[in-house]
Peer 1: 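The structure under discussion is supplied below as structure tokens; questions concerning it will follow.
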Amino acid sequence: MTEPIPETIRVLLVDDDEDDFIITRDIIADIPARTYLLEWTSSFEAALEKIARKQHDVYLIDYRLGAHDGLELITRALANGSVAPFILLTGQSDRETDERAMRLGASDFLIKGRLTPFDLERSIRYSMEHARNLLEIQQLNAGLEQRVAARTQELAQAITQLEETNRSLFEAQQEIKKALQKEKDLNELKSRFVTIASHEFRTPLSTVLSSASLIGKYKLTEEDDKRQKHVNRIKSAVQNLTGILNDFLSLSRIEEGKIYNVPTDFDLQAFMEEIVEEMQGYIKVGQQIHYHHQGQPATVTLDKQLLKNIALNLLSNASKYSAEGKEIHLTTLVDARQVLLQVQDQGIGIPEADQTHLFTPFFRAQNAANYEGTGLGLNIVKRYVDIMDGTLTYTSRQNEGTTFTVQFLKNPSL
């Protein structure tokens, strides 16, 4: 995990105008709470040398640097392996320069003549947070690469052992094929993870940054509604990030064999009523979950936590892919033969062409492109059901809705 933002932040200002350095120094001096250590250099080459030493937490780069410009400096510094954030400073607003700076790797774009202690502090703080989040993604990627290396080593050991024990050629070929397929699947999983994580993290992080920036502009009491709107956007983005990380963590634990089926006795009806109550804070405006239980007694013997994860995931999907005001029906049934859980929605449905790939990791149906998600939820649900020795089936019609049915037989051998 990356370290939190330090109390003392080391800042390097690259600007060929000493007057601008003095102004920036005075602005930084007025920033409360944290301590800022400002260092200044006016030379393009000297700046590259200082950045290469990686002794600063953030860089303030002026656009005009004599024969060079700030964008060239940022480009070369990033190519040399710099990971700390760069904030571009200009004398006037220029949308084209702003967009170009973002594409080249700058974290923010500030206009010097309008700069205030509040704006600079916020920009530094959010740029550092953004850099920390990107570093976490890189660390996750590095962890996956280590797993690939470990699997590759396992493959080499398997081949050596096959040679030593003189197994039959057919057995050796089968083992090698299995190991190669595992490595191929892991490489594909890593590539998909990087692609999905980069996209899904960037969207909520951009939402947090833009909303946080806009909140600072609403300073009057009568603008409370506008502030609250952006606070809600930030909360929603954070919830989305949490969901993404939970999906990746669940998938990792399943892959590592750390999820176990631990059945206990509990009242299914009371348990599902608690889950419905918990979902009230997550469903869309006007949506209602109608719960109906059939069969007595309601006591079952199942893994309580896995069942909760299954139910929450299916109900969350039903809400996500249904419009506001739609109904969601949750049914449980207990009889002498089985325990059944069913979730029915009135949502967008699943195109018939996509249904064969529904439980594939990272798969998103064609009509789900505009909805947030990683494509892992149903794969995780399916694997939880398998761990509990159950079955998961579904029916769906596009633009009409989908019904998922989870079934656990009380005597599977019969």
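These numbers were taken from a predicted model, which means no experiment stands behind them.
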Peer 1: Could you tell me which non-hydrogen atom of Lys410 sits nearest to which non-hydrogen atom of Asp335, and how far apart they are?
Peer 2: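 Here Lys410 and Asp335 meet closest at NZ-O, 2.9 Å.
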Peer 1: His56 and side chain to side chain donor-acceptor pair (under 3.5 Å): which partner among Lys50, Arg10, Glu39?
Peer 2: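 For His56, the side chain to side chain donor-acceptor pair (under 3.5 Å) test succeeds with only one of Lys50, Arg10, Glu39, which is Glu39.
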Peer 1: Where do Asp119 and Arg122 land on the salt bridge (Lys or Arg N to Asp or Glu O under 4.0 Å) test, with the steps shown first?
Peer 2: CA-CA 5 Å; Asp119 292 333; Arg122 186 197 68 243; 3.3 Å; yes
Peer 1: Regarding His292 and Thr331, is there a side-chain donor-to-acceptor distance under 3.5 Å anywhere?
Peer 2: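 Thr331 and His292 do not have a side-chain donor-acceptor pair below 3.5 Å.
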Peer 1: Apply side-chain contact (heavy atoms from CB on, under 4.5 Å) to Leu89 and Tyr63, showing your working.
Peer 2: CA-CA 6 Å; Leu89 305 177; Tyr63 180 69; over 6 Å; no
Peer 1: State, to 0.1 Å, how close Asn261 and Ile387 come at their nearest heavy-atom pair, and which atoms those are.
Peer 2: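 Shortest heavy-atom separation between Asn261 and Ile387 comes out as CB-O, 3.5 Å.
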Peer 1: Can a donor-acceptor pair be found, under 3.5 Å and without considering hydrogens, that links the side chain of Gln346 to the backbone of Glu327?
Peer 2: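 At least one qualifying donor-acceptor pair exists.
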Peer 1: Taking NZ in Lys326 as the centre, count heavy atoms belonging to other residues, nucleotides or ligands within less than 6.0 Å. Is the count above 12?
Peer 2: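 No, NZ of Lys326 has 12 or fewer neighbouring heavy atoms, counting only those of other groups under 6.0 Å.
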Peer 1: Which distance, rounded to the nearest 0.5 Å, do you find between the CG of Asp108 and the OG of Ser123?
Peer 2: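 It is 3.5 Å, given to the nearest 0.5 Å.
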Peer 1: With a 4.5 Å limit on heavy-atom distance, are the side chains of Phe363 and Asp354 in contact?
Peer 2: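 Phe363 vs Asp354: side chains touch.
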Peer 1: Roughly how far, to the nearest 0.5 Å, is the CZ atom of Phe109 from the OG1 atom of Thr90?
Peer 2: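 Nearest 0.5 Å value for the OG1-CZ distance: 3.5 Å.
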Peer 1: Please lay out, stage by stage, how Met279 and Ile289 fare under the test side-chain contact (heavy atoms from CB on, under 4.5 Å).
Peer 2: CA-CA 9 Å; Met279 282 296 302; Ile289 300 176; 3.7 Å; yes
Peer 1: Compare all side-chain heavy atoms of Arg76 with those of Phe44 and state whether any distance is below 4.5 angstrom.
Peer 2: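 SC-SC contact between Arg76 and Phe44 confirmed.
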Peer 1: Under 3.5 Å, is there a donor-acceptor pair between the side chain of Gln280 and the main chain of Val276?
Peer 2: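 Yes, Gln280 side chain to Val276 backbone: donor-acceptor pair under 3.5 Å.
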Peer 1: Decide side-chain contact (heavy atoms from CB on, under 4.5 Å) for Ile310 and Leu314; before the verdict, give the C-alpha distance in whole Å, the side-chain angles of both, and the deciding distance to 0.1 Å.
Peer 2: CA-CA 6 Å; Ile310 292 168; Leu314 293 178; 4.0 Å; yes
Peer 1: Quick check: closest heavy atoms across Ala131 and Val83, and the distance to 0.1 Å?
Peer 2: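 Looking at all heavy atoms of both residues, the shortest contact is CB-O, 4.1 Å.
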Peer 1: Over all heavy atoms of both residues, which pair between Leu392 and Val385 is shortest? Give the atoms and the distance, please.
Peer 2: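 That would be N-CG1, 4.0 Å.
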Peer 1: Examine distances only and state if a side-chain atom of Thr24 and a backbone atom of Asp20 form a donor-acceptor pair shorter than 3.5 Å.
Peer 2: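 Yes, Thr24 side chain to Asp20 backbone: donor-acceptor pair under 3.5 Å.
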Peer 1: Might you confirm whether atom CD of Glu352 has over 12 heavy atoms from other residues, nucleotides or ligands at distances under 6.0 Å?
Peer 2: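 Counting neighbours around CD of Glu352, 12 or fewer heavy atoms of other residues, nucleotides or ligands fall under 6.0 Å, so no.
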Peer 1: If we count only N and O atoms by modelled type, under 3.5 Å, do the side chains of Glu129 and Asn133 hold a donor and an acceptor together?
Peer 2: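 Side-chain D/A pair, Glu129 to Asn133: absent.
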Peer 1: Given side chains that start at C-beta, do those of Ser322 and Lys284 come closer than 4.5 Å, heavy atoms only?
Peer 2: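 The answer is no, as the side chains (C-beta and beyond) never meet within the 4.5 Å cut-off.
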Peer 1: If you compare all heavy atoms of Ile111 against all heavy atoms of Gly91, which two are closest, and at what distance to 0.1 Å?
Peer 2: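 Looking at all heavy atoms of both residues, the closest pair is CG2-O, 3.9 Å.
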Peer 1: Between Asp303 and Val262 (side chain of the first, backbone of the second, donor and acceptor by atom type, cut-off under 3.5 Å), is there such a pair?
Peer 2: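 At least one qualifying donor-acceptor pair exists.
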Peer 1: Just how far is it from atom NZ of Lys320 to atom CD1 of Ile348, taken to the nearest 0.5 Å?
Peer 2: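 The NZ atom of Lys320 sits 10.0 Å away from the CD1 atom of Ile348.
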Peer 1: From Leu12 CG over to Tyr59 OH, what is the distance, rounded to the nearest 0.5 angstrom?
Peer 2: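 Rounded to the nearest 0.5 Å, the CG-OH separation comes out at 6.5 Å.
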Peer 1: Could you go through Glu274 and Lys308, starting from their C-alpha distance and side-chain angles, then the distance that decides it, and tell me whether this counts as salt bridge (Lys or Arg N to Asp or Glu O under 4.0 Å)?
Peer 2: CA-CA 10 Å; Glu274 291 176 3; Lys308 180 177 182 178; over 6 Å; no
Peer 1: Heavy-atom distance under 4.5 Å between the side chains of Pro351 and Asn367, does that happen here?
Peer 2: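 Answer yes - side chains close enough.
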Peer 1: Could you tell me the separation between the CZ atom of Arg125 and the NE2 atom of His130, rounded to the nearest 0.5 Å?
Peer 2: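 Here the rounded value is 15.5 Å.
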Peer 1: Enter the distance from Phe359:CZ to Asn379:CG here, rounded to the nearest 0.5 Å.
Peer 2: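 So the CZ of Phe359 and the CG of Asn379 are separated by 9.0 Å.
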Peer 1: Taking the side chain as everything from C-beta on, heavy atoms only, tell me whether Phe408 gets closer than 4.5 Å to Asp389.
Peer 2: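 With C-beta onward as the side chain, the pair stays apart.
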Peer 1: Within the distance-only criterion (no hydrogens, no angle test), does the side chain of Tyr282 pair as donor or acceptor with the backbone N or O of Ser319 below 3.5 angstrom?
Peer 2: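 No; judged by distance alone, with no hydrogens or angles, the pair does not exist.
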Peer 1: Could you verify whether a donor N or O on one side chain and an acceptor N or O on the other, from Ser316 and Asn313, lie under 3.5 Å apart?
Peer 2: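 No pair is found: no donor N or O on one side chain lies under 3.5 Å from an acceptor on the other.
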Peer 1: Could you tell me whether Arg64 atom CZ has more than 12 heavy atoms of other residues or ligands within 6.0 Å of it?
Peer 2: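 Not more than 12 within 6.0 Å, no.
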Peer 1: Are Arg100 and Leu71 side-chain neighbours, meaning at least one heavy-atom pair lies under 4.5 Å?
Peer 2: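 A side-chain contact under 4.5 Å exists here.
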Peer 1: Do Tyr291 and Thr332 have a side chain donor and acceptor closer than 3.5 Å?
Peer 2: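 Checked: Tyr291/Thr332 side chains pair up, N/O donor to acceptor below 3.5 Å.
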Peer 1: Are the side chains of Val14 and Leu60 in touch, meaning some heavy atoms are under 4.5 Å apart?
Peer 2: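 No - every pair of side-chain heavy atoms lies 4.5 Å or more apart.
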Peer 1: Donor-acceptor pair, distance only, cut-off 3.5 Å: does the side chain of Ser107 make one with the backbone of Ile87?
Peer 2: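 Checked: no pair found.
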Peer 1: Report yes or no: do Asp265 and Thr301 form a side-chain donor-acceptor pair below 3.5 Å?
Peer 2: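 Short answer, yes.
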Peer 1: Is there a donor-acceptor pair under 3.5 Å between the side chain of Asp345 and the backbone N or O of Ile328?
Peer 2: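 Side chain of Asp345 to backbone of Ile328, a donor-acceptor pair under 3.5 Å: no, none is there.
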Peer 1: Check whether any side-chain N or O of Ser127 sits under 3.5 Å from a backbone N or O of Ile124 as a donor-acceptor pair, and report yes or no.
Peer 2: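 Absent.
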Peer 1: Less than 4.5 Å apart, any side-chain heavy atom of Leu78 and any of Asn80?
Peer 2: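 Leu78 vs Asn80: side chains apart.
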Peer 1: Step by step, would you call Asp57 with Met128 a side-chain contact (heavy atoms from CB on, under 4.5 Å)?
Peer 2: CA-CA 8 Å; Asp57 301 304; Met128 291 179 67; 3.8 Å; yes
Peer 1: Where is the tightest heavy-atom contact between Arg364 and Tyr321, given as atom of each residue plus distance?
Peer 2: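 Smallest interatomic distance, heavy atoms only, reads NH2-OH, 3.5 Å.
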